[in-house]
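Below: one structure, written as structure tokens.
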Amino acid sequence: MNNLRALTGVVIDPGHGGIDGGSISNEGVYEKTVVLSIGHFLKEYLELNGYEVMMTRLGDYDLADLKSTNRKRDDILRRVEMINKSNCDVTISIHANAFPNKNIKGAQCFYNDSSCESKLLSDYIQKRLNECLKNDRISMGIKNKYILDNVIYPIVLIEVGFLSNKDDAN
């Protein structure tokens, strides 16, 4: 008997939120705003194609308790807990980069290099990003990224571009 099942459950994790704005463009656009917008678009697209989708946040807020003394830490702990309880097939964590050299640009996928499934998903998404965006980046396995190290399901962290680069920010 084949134990494989079709992919149906996706968690979308738009990074940052609330007091943690993440990166900021030269025009004052915050990462948290850009990735939330992308997250909503991706959710709608996936649902129209038959996927069950959960988002870690639907608005501009973090997931830390009101009495938290370290909101950023508590937010990421809650995100991981939420994802691990979701029974999802995959997670896509969406972020946007920034770099002092404003010429650096391009979208890039990252994965926990101890997960074959995450690597396969990351490589596939990176290939499509490269085709669509005329990118030349490669997906990369990284360590010591809390969400990648602690989510129990296949997960890809996508840096959708560099807010410090005018073309990417636009």
Side-chain angles (χ1 to χ4, degrees), residues 5 7-25 28-99 107-122 124-126 129 139-164 168-169:
R5 64 183 174 90
L7 175 69
T8 59
V10 179
V11 173
I12 299 171
D13 174 48
H16 307 282
I19 62 167
D20 179 9
S23 305
I24 187 168
S25 74
V29 177
Y30 285 90
E31 175 180 2
K32 67 179 182 175
T33 306
V34 171
V35 300
L36 182 61
S37 178
I38 291 169
H40 281 294
F41 176 85
L42 183 57
K43 179 181 188 301
E44 184 177 327
Y45 176 82
L46 290 171
E47 287 176 341
L48 287 172
N49 285 280
Y51 294 92
E52 295 175 31
V53 180
M54 181 184 95
M55 288 181 60
T56 56
R57 68 181 180 96
L58 296 170
D60 183 15
Y61 52 84
D62 63 39
L63 302 178
D65 290 330
L66 291 176
K67 296 179 182 177
S68 173
T69 58
N70 188 333
R71 298 197 70 77
K72 190 171 178 97
R73 180 201 65 213
D74 293 347
D75 175 66
I76 194 69
L77 291 172
R78 183 69 54 83
R79 286 173 190 267
V80 168
E81 177 185 18
M82 179 187 288
I83 295 165
N84 286 342
K85 288 181 178 178
S86 73
N87 195 31
C88 68
D89 294 294
V90 298
T91 298
I92 299 172
S93 187
I94 306 169
H95 295 267
N97 249 326
F99 196 71
Q108 188 165 18
C109 296
F110 298 93
Y111 60 92
N112 178 323
D113 59 8
S114 66
S115 169
C116 294
E117 295 91 351
S118 294
K119 181 183 181 345
L120 286 171
L121 180 61
S122 181
Y124 178 78
I125 293 171
Q126 187 67 61
L129 287 170
S139 69
M140 291 181 57
I142 58 174
K143 294 185 184 303
N144 300 319
K145 195 67 141 169
Y146 188 82
I147 196 163
L148 293 179
D149 292 342
N150 291 281
V151 166
I152 61 175
Y153 300 108
I155 180 172
V156 174
L157 187 150
I158 303 173
E159 296 281 357
V160 296
F162 286 79
L163 291 178
S164 50
D168 276 4

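Numbers here are sequence positions counted from 1.
Taking the side chain as every heavy atom from C-beta outward, L58 and M55 approach each other to under 4.5 Å. The shortest distance between side-chain heavy atoms of S164 and N97 does not fall below 4.5 Å. Considering only heavy atoms from C-beta on, L163 stays 4.5 Å or farther from I24 through its side chain. Taking the side chain as every heavy atom from C-beta outward, M54 and M82 approach each other to under 4.5 Å. With a 4.5 Å cut-off on side-chain heavy atoms, D62 and D20 do not count as touching. Proximity of Y153 to D89: side-chain heavy atoms (C-beta onward) are nowhere separated by under 4.5 Å. A heavy-atom distance below 4.5 Å is not found between the side chains of V160 and D168. Residues L77 and D75 fail the side-chain proximity criterion, which asks for heavy atoms closer than 4.5 Å.
Considering I152, V11, T91 in turn, V11 is the only one that fulfils the side-chain contact (heavy atoms from CB on, under 4.5 Å) rule with S86.
Taking CD1 of I76 as the start and CG of N70 as the end, the distance is 12.0 Å to the nearest 0.5 Å. Taken to the nearest 0.5 Å, the CG atom of L157 stands 5.5 Å off from the CG atom of L148. Summarising the geometry, atom OG belonging to S93 is positioned 7.0 Å from atom CZ belonging to R79; distances are rounded to the nearest 0.5 Å. With rounding to the nearest 0.5 angstrom, the CZ atom of F41 is 14.0 Å from the CG atom of L36. Rounding to the nearest 0.5 Å gives a distance of 11.5 Å between SG of C109 and NZ of K119. Atom CD1 in I94 sits 6.5 Å away from atom CD1 in I158 (nearest 0.5 Å).
Look at R57 and D13 and you find no salt bridge, because none of the NZ, NE, NH1 or NH2 atoms lies under 4.0 Å from a carboxylate O.
The local environment of CZ in F110 is crowded, with over 12 non-hydrogen atoms from other residues, nucleotides or ligands closer than 6.0 Å. Heavy-atom contacts from other residues, nucleotides or ligands closer than 6.0 Å to CD of E47 number more than 12.
Evaluation of the side-chain contact (heavy atoms from CB on, under 4.5 Å) rule for L121 yields V90, I125, V156 as partners, not counting sequence neighbours. Applying the salt bridge (Lys or Arg N to Asp or Glu O under 4.0 Å) criterion to D149, with sequence neighbours excluded, gives no partner residue. Annotation: salt bridge (Lys or Arg N to Asp or Glu O under 4.0 Å) contacts of D74 (sequence neighbours excluded): none.
Of the possible polar contacts, none joining the R78 side chain to the A64 backbone as a donor-acceptor pair under 3.5 Å is found.
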Which atom pairs, donor and acceptor, lie under 3.5 Å between side-chain atoms of residues 139-147 and protein residues at least two apart or in another chain?
from : atom 1 : to   : atom 2 : distance (Å)
S139 : OG     : D123 : OD1    : 2.3
K143 : NZ     : D113 : OD1    : 3.0

request  = Apply salt bridge (Lys or Arg N to Asp or Glu O under 4.0 Å) to D65 and R71, showing your working.
outcome  = CA-CA 8 Å; D65 290 330; R71 298 197 70 77; over 6 Å; no
request  = In sequence, state the C-alpha distance, the side-chain angles, and the governing distance for I12 and V53, and then conclude on side-chain contact (heavy atoms from CB on, under 4.5 Å).
outcome  = CA-CA 7 Å; I12 299 171; V53 180; 3.5 Å; yes
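Pairs engaging residues 31-40 under the salt bridge (Lys or Arg N to Asp or Glu O under 4.0 Å) rule: K32-D60 [sequence neighbours left out]. Identified under the ring pair (Phe, Tyr, Trp, His ring centres under 6.0 Å) test for residues 60-95, with sequence neighbours left out: H16-H95.
When every heavy atom of A107 is checked against every heavy atom of Q126, the shortest pair comes out as O-NE2, 3.1 Å. The shortest heavy-atom contact between A96 and S23 is O-OG, 3.1 Å.
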